[in-house]
Amino acid sequence: MAVRKFKPITPGTRHKVIGTFDDITTSVPEKSLLAPLKSSGGRNNTGKMTVRYIGGGHKKMYRIIDFKRDKDGMEATVKTIEYDPNRSARIALVVYADGEKRYIVAPNGLKTGQKIASGAGVAPEVGNTLFLAEIPLGTVVHNIELYPGQGAVMARSAGTYAQLLAREGKYAIIKLPSGETRMVLVTCKATVGVVSNPDHSLESHGKAGRRRWLGRRPHNRGVTMNPVDHPMGGGEGRSSGGHPRSRTGVLAKGYKTRNPKKTTSKFIIQKRKKK
C-alpha cells in the first residue's frame, strides 16, 4: 500500500494525497453480507439536531464484519481484498470449507488465496485468530477482545497494532496503540498482524468537497461564535476565548473526564501517553 500525490493542476489537487488502492482486488462487494445504512444527519428521533457538523455524504451500504472469529477449527480461504467505506482499514472476504462467506478486517500482507484459521492450536501466523494464552510474547496483534466472546473492540483502525508483553496468571499484559498498558484475560482472542492500509494517516483530502462526500459539514470554532452560542465566544476583536472548553462547558486540554471509580481502572497498568 502506498500513497499517490497529485500535480497542483487545480487548487483541489494541490495538497491532495490519497491511497493507490493497489491492494484491492475487486470493486463489487458480496451481496449477502451487505446491510442498509441510514444516515441521521446528526438528528435524533424527533428531528432535532443533536450532533453538529454532520450531514450529506455519499450513500453507502454497511459491510457485516466478523469481529468474533468464532468459526474455530475450520480453515478459510481469502477470496478478495476490498474497500470498505465505513472504516479506514481494508476488509477481506473469506470463504470457509463449508462454503460460508464472511468479511474480516484485513491485516497488512494478507493475500488472496491465503489460508487462515481461528481457535485453539492454530499457528500464530498473520490473519490467524488465537487466544492470548497461545500467542508468543512480543507478537504484534490487532482486533483484540476485552471480554471473552465479546468480539474485537481494540486495535481495529488502519495501521494500528498492539503488542503482547507478558502473561501473569489468567491475565495477559498488552500495550495498546494509544500507549496504554493494560491487563486482558488470556481467554480473549486476538488476530496476529498489523491492520491493513498503514498509509491512511498520510492521506490529505485536498479540498472541502471531499469531506462533504464523507458526510462532514463545515466546522466552525467556538471563538468565532457569540457568547450565547459558546462559552469561548464573544469579545472585542480577536479574543482568545479564555480557557478552552466545549460548548457544554467541559474543560479541554488536560482536564480528565474518566470516572476515577470506574471498575476497569484496576486493569490499567500504565495510562496512555499525553500528547
Side-chain angles (χ1 to χ4, degrees), residues 23 33 63-82 84 87-198 264 267-270:
D23 50 347
L33 296 174
R63 277 73 167 164
I64 300 170
I65 310 292
D66 178 20
F67 285 114
K68 291 192 174 183
R69 297 289 295 272
D70 53 2
K71 210 170 176 68
D72 295 347
M74 187 180 294
E75 272 195 342
T77 306
V78 179
K79 189 177 180 183
T80 58
I81 306 293
E82 301 180 18
D84 189 351
R87 65 192 69 251
S88 56
R90 304 288 183 240
I91 58 175
L93 178 65
V94 297
V95 182
Y96 284 89
D98 60 356
E100 184 181 355
K101 296 178 180 179
R102 291 189 182 185
Y103 274 129
I104 65 167
V105 174
N108 199 27
L110 193 72
K111 305 293 183 183
T112 55
Q114 189 173 327
K115 303 282 187 181
I116 61 170
S118 62
V122 175
E125 298 173 352
V126 173
N128 288 352
T129 301
L130 298 81
F131 295 101
L132 289 171
E134 300 181 356
I135 299 177
L137 298 181
T139 306
V140 291
V141 294
H142 64 279
N143 277 13
I144 309 162
E145 291 180 333
L146 202 53
Y147 301 103
Q150 177 193 23
V153 294
M154 297 184 289
R156 303 186 338 187
S157 181
T160 57
Y161 62 90
Q163 189 172 23
L164 180 61
L165 300 179
R167 275 188 288 267
E168 294 180 3
K170 62 179 182 178
Y171 291 103
I173 298 175
I174 295 176
K175 187 173 184 180
L176 299 175
S178 63
E180 177 181 292
T181 304
R182 68 171 296 137
M183 295 188 295
V184 181
L185 287 167
V186 294
T187 50
C188 292
K189 285 182 177 179
T191 306
V192 179
V194 181
V195 183
S196 55
N197 196 18
T264 55
F267 298 114
I268 298 174
I269 298 172
Q270 183 179 355

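No hydrogens, no waters, no symmetry mates; every other heavy atom, side chains included, goes into these values. Position 1 is the first residue of the sequence; numbering continues from there.
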From [X] atom [atom1] to [Y] atom [atom2], the distance as rounded to the nearest 0.5 Å:
X	Y	atom1	atom2	value
I144	T129	CD1	OG1	11.0 Å
I268	R182	CD1	CZ	5.0 Å
T139	I174	OG1	CD1	11.0 Å
N197	T160	CG	OG1	11.0 Å
L132	K189	CG	NZ	11.0 Å
K68	R102	NZ	CZ	10.0 Å

Can you confirm whether [X] sits close enough to [Y] that some side-chain heavy atom of one is under 4.5 Å from a side-chain heavy atom of the other?
X	Y	result
I65	R87	yes
V105	T191	no
I269	M183	yes
T264	L146	no
F67	V153	no
R167	L137	yes
L185	K170	yes
T181	I173	yes

Over 12 foreign heavy atoms within 6.0 Å of OH, Y161: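 Atom OH in Y161 is not crowded, with 12 or fewer foreign heavy atoms closer than 6.0 Å.
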So, does [X] use its side chain to make a donor-acceptor pair with the main chain of [Y] at under 3.5 Å?
X	Y	value
S196	R90	yes
Q114	K111	yes
H142	A155	no
E82	I91	no
N128	A123	yes
Q163	G138	yes
E75	A97	no
D23	I81	no

Derivation of the side-chain contact (heavy atoms from CB on, under 4.5 Å) call for K101 and K79: CA-CA 9 Å; K101 296 178 180 179; K79 189 177 180 183; 3.6 Å; yes
Where [X] and [Y] come nearest, the two heavy atoms and their spacing:
X	Y	answer
T80	T112	CA-CG2, 3.9 Å
I116	V126	CG2-O, 4.4 Å
G159	V194	O-CG1, 3.7 Å
T187	F131	O-CD2, 3.2 Å
A89	V195	CB-CG1, 3.4 Å
P107	G127	CG-CA, 3.8 Å

Under 3.5 Å side-chain donor-acceptor pair for D72 and S118: yes
Side-chain donor-acceptor contact under 3.5 Å, E180 with S178: no
Electrostatic pair K71:D66 at N-O distance under 4.0 angstrom: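 So K71 does not pair with D66 through a salt bridge.
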